[in-house]
Novice: 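One structure coming up, written as structure tokens, with questions to follow.
Whatever order the structure lists ligands and atoms in, that order sets their numbers, starting from 1. Since the structure is predicted, the reported quantities are computational estimates derived from the model, not experimental observations. Only heavy atoms go into these numbers, but all of them, side chains included; no hydrogens, no water, no symmetry mates. We number each residue from 1, following the sequence as shown.
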Amino acid sequence: MITFKDLGLKPNIQTTLDELGFDKPTPIQEEAIPSLLDGHDVIGQAQTGTGKTAAFGLPLLQYLDPDNNEVQAIVLTPTRELCIQVTQALRSYAEHLDIEIVAVFGGAPIRSQQAQLRSGAHVVVATIGRIKDLISRRSMVLTAARFVVLDEADEMLDLGFLPDVESLLAKTPETRQTMLFSATLDNDVKVLIDRYLVNPVNHALDP
Ligand code: AMP
């Protein structure tokens with residue numbers, strides 16, 4: 001039986017997992033975490049409730065540099081509810097790390113999100129419309145975003161966001177590590193994978 005201790009996460013992350021009572025990785029975590037720690041692009045076919053947030057979140061947190069105040073990672077989500085939920089989860093996983101996680105989503109004042117970005121964000125969890133808006137207002141840049149997570153990619157593309165996701169990816173470094181999580185891999189998701197993931201490792205779980 002694999003435990004989190006076998007995955008080689010840093011002590012400050014392991015402490016948090018112990019405090020949360022996370023002992024064994026879930027199946028998607030057991031598969032995806034080693035691939036992501038090895039630096040591969042990853043496709044995770046997993047639904048909400050499978051532990052997918054920690055599957056991408058823990059490797060991300062492992063590699064972020066707290067001394068670099070640029071936005072090093074972005075997580076794109078289809079809805080503000082998921083954006084808030086992912087932000088809360090990542091903040092709990094970063095409890096013992098000096099990593100700032102900022103949520104940006106529509107339907108909330110943009111000024112307070114701009115202020116949070118100004119005071120420093122290592123990770124930005126975002127809905128598409130709001131992150132586009134903040135970039136066009138020069139409140140954030142993606143030039144140092146070397147980790148990109150597309151969460152619930154199928155939902156995002158069902159909402160018609162393929163061109164926006166493509167233009168956001170084009171603003172990130174070509175050497176980025178890209179992680180795509182999706183319940184299904186239908187046509188538009190395949191387009192995104194073919195164009196933007198490099199030799200991805202595919203972890204498919206039975207629903
Ligand atoms: P998610 O699919 O990421 O939304 O996670 C679903 C729920 O499972 C959340 O409440 C997590 O806190 C919890 N969870 C994630 N990974 C583990 C784990 N390895 N052991 C126990 N609970 C977990």
Side-chain angles (χ1 to χ4, degrees), residues 1-38 40-64 72-97 99-105 121-128 131 147-159 165 177-186 189 193 197 200-207:
M1 181 188 86
I2 293 238
T3 68
F4 274 110
K5 295 199 170 62
D6 300 315
L7 297 178
L9 294 161
K10 42 168 122 169
N12 282 359
I13 296 179
Q14 185 59 53
T15 302
T16 302
L17 295 174
D18 293 341
E19 287 169 358
L20 289 171
F22 289 12
D23 180 21
K24 271 185 343 113
T26 65
I28 188 69
Q29 292 165 359
E30 183 174 333
E31 289 205 14
I33 290 174
S35 301
L36 289 169
L37 289 175
D38 277 347
H40 295 290
D41 283 1
V42 159
I43 301 165
Q45 265 180 276
Q47 330 238 1
T48 294
T50 56
K52 70 182 164 68
T53 317
F56 64 75
L58 301 178
L60 200 74
L61 293 171
Q62 172 99 347
Y63 287 134
L64 293 173
Q72 297 167 56
I74 55 167
V75 182
L76 300 179
T77 63
T79 62
R80 74 185 250 162
E81 289 73 24
L82 185 65
C83 177
I84 293 166
Q85 188 189 317
V86 167
T87 304
Q88 286 168 343
L90 292 182
R91 284 187 182 147
S92 76
Y93 302 145
E95 173 76 19
H96 297 292
L97 303 170
I99 295 294
E100 295 302 327
I101 299 149
V102 170
V104 304
F105 50 85
H122 300 101
V123 183
V124 172
V125 186
T127 56
I128 309 289
I131 195 173
F147 302 101
V148 174
V149 182
L150 305 169
D151 197 7
E152 299 195 355
D154 48 358
E155 302 278 334
M156 209 144 52
L157 301 186
D158 281 350
L159 294 170
V165 172
Q177 186 177 11
T178 312
M179 319 164 195
L180 179 145
F181 285 78
S182 192
T184 59
L185 299 187
D186 58 14
V189 181
I193 291 170
L197 275 71
V201 185
N202 189 349
H203 298 296
L205 295 185
D206 291 333

Novice: Tell me which one of Ile131, Ile128, Thr127 satisfies side-chain contact (heavy atoms from CB on, under 4.5 Å) with Phe105.
Specialist: Thr127
Novice: Could you go through the salt bridge (charged side-chain N to carboxylate O under 4.0 Å, His left out) check for Asp18 and Lys5 one step at a time?
Specialist: CA-CA 10 Å; Asp18 293 341; Lys5 295 199 170 62; 3.7 Å; yes
Novice: Could you check Leu17, Leu37, Thr16 and say which one makes a side-chain contact (heavy atoms from CB on, under 4.5 Å) with Leu58?
Specialist: Leu17
Novice: Does a donor on one side chain sit under 3.5 Å from an acceptor on the other, for His96 and Glu19?
Specialist: yes
Novice: Hey, is atom 15 (C) of ligand 1 touched by any protein heavy atom at less than 4.0 Å?
Specialist: yes
Novice: Write out the residue and atom name of the closest protein heavy atom to atom 6 (C) of ligand 1, then the distance separating them to 0.1 Å.
Specialist: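 Of the protein heavy atoms, Gly49 CA, 3.7 Å lies nearest.
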Novice: Show, in sequence, the C-alpha distance, side-chain angles and deciding distance for Ile193 and Ile43, and conclude whether the side-chain contact (heavy atoms from CB on, under 4.5 Å) test is met.
Specialist: CA-CA 8 Å; Ile193 291 170; Ile43 301 165; 3.8 Å; yes
Novice: Does the protein place any heavy atom closer than 4.0 Å to atom 4 (O) of ligand 1?
Specialist: yes
Novice: Should you measure from each heavy atom of Phe4, which atoms of ligand 1 turn up under 4.0 Å away?
Specialist: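 Selected atoms, number and element: 19 (N).
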Novice: Mind checking whether Asp23 has an N or O less than 3.5 Å away from an N or O of ligand 1?
Specialist: no
Novice: Does an N or O from Thr53, backbone or side chain, lie closer than 3.5 Å to an N or O of ligand 1?
Specialist: yes
Novice: State whether the side chain of Ser182 and the backbone N or O of Asp154 hold a donor-acceptor pair below 3.5 Å, judged by distance alone.
Specialist: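 Judged by distance alone, yes, a pair lies under 3.5 Å.
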Novice: So, Lys52 and Glu152, do they make that salt bridge, N to O below 4.0 Å?
Specialist: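 Judged by the 4.0 Å cut-off on N to carboxylate O distance, Lys52 and Glu152 do form a salt bridge.
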Novice: Should the proximity of Lys24 to ligand 1, defined as any heavy atom under 4.0 Å, be assigned to the side chain, the backbone, both, or neither?
Specialist: backbone
Novice: Provide, to 0.1 Å, the distance between atom 13 (C) of ligand 1 and the closest protein heavy atom, together with that atom's residue and name.
Specialist: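 In this structure, atom 13 (C) of ligand 1 has Phe22 CZ, 3.9 Å as its nearest protein heavy atom.
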Novice: What distance do Glu81 atom CD and Thr48 atom OG1 have between them, rounded to the nearest 0.5 Å?
Specialist: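 Result: 12.0 Å between the selected atoms.
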Novice: Show which atoms of ligand 1 fall inside a sub-4.0 Å distance from at least one heavy-atom site of Gln85.
Specialist: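 Answer, ordered by atom number: 4 (O).
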Novice: Which ligand 1 atoms are under 4.0 Å away from a heavy-atom of Gly51?
Specialist: 1 (P), 2 (O), 3 (O), 5 (O), 15 (C)
Novice: With the threshold set strictly below 4.0 angstrom, can you tell me whether any protein non-hydrogen atom sits that near atom 10 (O) of ligand 1?
Specialist: no
Novice: Would you say ligand 1 has an N or O under 3.5 Å from any N or O of Thr48?
Specialist: no
Novice: Are any of the N or O atoms of Pro25 closer than 3.5 Å to those of ligand 1?
Specialist: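 Checking ligand 1 against Pro25, no N or O pair falls under 3.5 Å apart.
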Novice: Kindly confirm or rule out an N or O of Ala54 lying under 3.5 angstrom from an N or O of ligand 1.
Specialist: no
Novice: Where do His203 and Val42 come nearest, in terms of heavy atoms and distance?
Specialist: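 Distance-wise, the nearest heavy atoms are CD2-CG1, 4.0 Å.
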